[in-house]
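Take a look at the structure set out below.
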Amino acid sequence: MGDWFQHGIISTGRLPLFCFFVALIVAFIATRVNVRLIRAKVGWFRNVSVGEMHIHHVVFGVVLMLGGGVAGLVLSSASQAGYAIAASVFGVGAALVLDEFALILHLHDVYWEEDGRASVDAVFIAVAVTGLLLIGLRPLIWDYGAWLNPAALIVANLLLAVVTLLKGKIWTGMAGLFLPVLLIVGAVRLARPGSPWAYWFFAKGSPRKMVTAVHREERWRRPAIRAKIAFQEFLSGRHDLPSSRRPDRHT
C-alpha cells in the first residue's frame, strides 16, 4: 500500500488531487451525518442561525472554496505538501457547496424534497470524475496516431457528449469523456423519455419512439434507479418531504 501511494500518487504529482478526493468524500459524509442528526433533533445538533436567518452550509463552502482556490494559486509553485493542504480545503468547500447544489439550482430550499436528490447526484458525479482523474485517465486526450486530426477528434467527441447528455444519459456522457466508445453508444441509442432530446424529437414527431423509450425506462432503467436511490438514501437520508416549490411564473 505504501509503495503504491509513493509511486502512484506522490511520484506522479497527484497528491493534491488525492487530498481533494478524500476531503470531498469525508466532508460530504460528515455533512450528511450532521444534517441527519439535526433533522432527528439529536442532542446539541442544530442549524446555524443568525437571528431568524438560517445560514446554509453552502455559504461556508463558498468561503472555503475561495480560500482553498486562492491558496492553491499561491502555493502551486511551492511544495506539493502545501498545495495538497490547499486542495483539501477546496475539497471540503466543494462538498459543502455540492451538498446544497439543488438549492442553488432551484433557488429554493428543497434539501429534503425529491428535487434535493440532485445534490447527491452532483456529489456522486464529482467523486466519479475525480476518481477517474486520480487513476490517470484524462478527458479528451487520446492517441489514435498521426492519421487523425486531434482538434477534429476533440470537437467530434464533444458533439457526441452533448448529444448523449441531451438524451438524458448523464453518467454515460460524463464517463464517455474518458472512454470515447461510451459516447458513441450513448449518442446512437434511444433517448430517455424525460430528456430534452425526447421532448424535441419524440413528443410530437415520433410517438412510437416515445412509447419504446418509456417501455425501456420502466423495464431496464427504473430498477437501476431504485437501487441507486436506496444506496443514496443509506448515505444521505430520505428525501421524503412534499414539494414546496411553486411553478415558475414569467412576467
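The residues of the chain are indexed from 1 along the displayed sequence.
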* What pairs with Arg222 under salt bridge (charged side-chain N to carboxylate O under 4.0 Å, His left out), at least two apart in sequence or on another chain? ->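 Checked Arg222 against salt bridge (charged side-chain N to carboxylate O under 4.0 Å, His left out); matches are Glu218.
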* To do: Using the six-membered ring wherever Trp is involved, compare the ring planes of Phe90 and Phe20 and label them parallel, tilted or perpendicular (cut-offs 30° and 60°).
  =>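 Rings of Phe90 and Phe20: tilted, as their planes differ by 30° to 60°.
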Connecting only ILVMFWY residues whose side-chain heavy atoms lie within less than 4.5 Å of each other, what is the rest of [X]'s hydrophobic cluster?
X: Val185; result: none
X: Leu190; result: Val162, Val163, Leu166, Trp197, Tyr199, Trp200, Phe201, Phe202, Met210, Val214
X: Phe101; result: Leu105
X: Leu159; result: Val155

Closest heavy-atom pair and its distance - [X], [Y]:
X: Leu165; Y: Gly173; answer: CD2-CA, 4.0 Å
X: Val97; Y: Gly61; answer: CG2-C, 3.6 Å
X: Leu15; Y: Ala84; answer: CG-CB, 3.9 Å
X: Ala198; Y: Ala191; answer: N-CB, 4.2 Å
X: Ala161; Y: Leu183; answer: CA-CD2, 3.6 Å
X: Ala86; Y: Gly72; answer: CB-N, 3.6 Å

Between [X] and [Y], is there shared hydrophobic-cluster membership here, with clusters defined by ILVMFWY side-chain heavy atoms closer than 4.5 Å?
X: Ile135; Y: Val127; answer: yes
X: Leu66; Y: Leu73; answer: no
X: Leu37; Y: Val48; answer: yes
X: Val50; Y: Val62; answer: yes
X: Val58; Y: Phe28; answer: yes

Output every pair passing salt bridge (Lys or Arg N to Asp or Glu O under 4.0 Å) with a member in [range], not counting sequence neighbours, ordered by first then second residue.
range: residues 25-34; value: Arg32-Asp99
range: residues 174-192; value: Arg192-Glu217
range: residues 12-30; value: none

Using 0.5 Å steps for rounding, measure from the [atom1] atom of [X] to the [atom2] atom of [Y].
X: Leu64; Y: His57; atom1: CG; atom2: NE2; answer: 12.0 Å
X: Phe45; Y: Ile38; atom1: CZ; atom2: CD1; answer: 8.0 Å
X: Glu113; Y: Asp240; atom1: CD; atom2: CG; answer: 10.0 Å
X: Leu24; Y: Leu96; atom1: CG; atom2: CG; answer: 10.0 Å
X: Ile154; Y: Leu158; atom1: CD1; atom2: CG; answer: 7.5 Å
X: Met53; Y: Asn47; atom1: CE; atom2: CG; answer: 14.0 Å

* **Enclosure of Arg208 CZ (heavy-atom neighbours >12, cutoff 6.0 Å)** =>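 Not more than 12 within 6.0 Å, no.
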* Asked: Considering residues, nucleotides and ligands other than Phe231, do more than 12 of their heavy atoms fall under 6.0 Å from its CZ?
  ->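 No - once you tally the heavy atoms of other residues, nucleotides and ligands closer than 6.0 Å, there are 12 at most.
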With sequence neighbours left out, write down each residue that passes ring pair (Phe, Tyr, Trp, His ring centres under 6.0 Å) with [X], or none if nothing qualifies.
X: His54; answer: His56
X: Phe60; answer: none
X: Phe18; answer: Phe5

* Taking only residues at least two apart or on different chains, which pairs with a member in residues 164-188 satisfy side-chain hydrogen bond (donor to acceptor under 3.5 Å, both in side chains)? ->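 Matches after skipping sequence neighbours: none remain.
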* I would like to know whether Val26 and Val92 meet side-chain contact (heavy atoms from CB on, under 4.5 Å); could you show each step before the answer? => CA-CA 8 Å; Val26 172; Val92 174; over 6 Å; no
* To do: Among His239, Arg117, Lys228, find the residue that satisfies the side-chain hydrogen bond (donor to acceptor under 3.5 Å, both in side chains) test when tested with Glu233.
  =>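 Going through His239, Arg117, Lys228 one by one, the side-chain hydrogen bond (donor to acceptor under 3.5 Å, both in side chains) with Glu233 is satisfied by Arg117 alone.
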* Ser236: which of Val33, Val120, Val123 passes side chain to side chain contact (heavy atoms under 4.5 Å, CB included) ->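 Option passing the side chain to side chain contact (heavy atoms under 4.5 Å, CB included) with Ser236: Val120.
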* To do: Given side-chain contact (heavy atoms from CB on, under 4.5 Å), test Leu235 with Phe124 step by step and report yes or no.
  => CA-CA 11 Å; Leu235 292 177; Phe124 274 44; 3.9 Å; yes
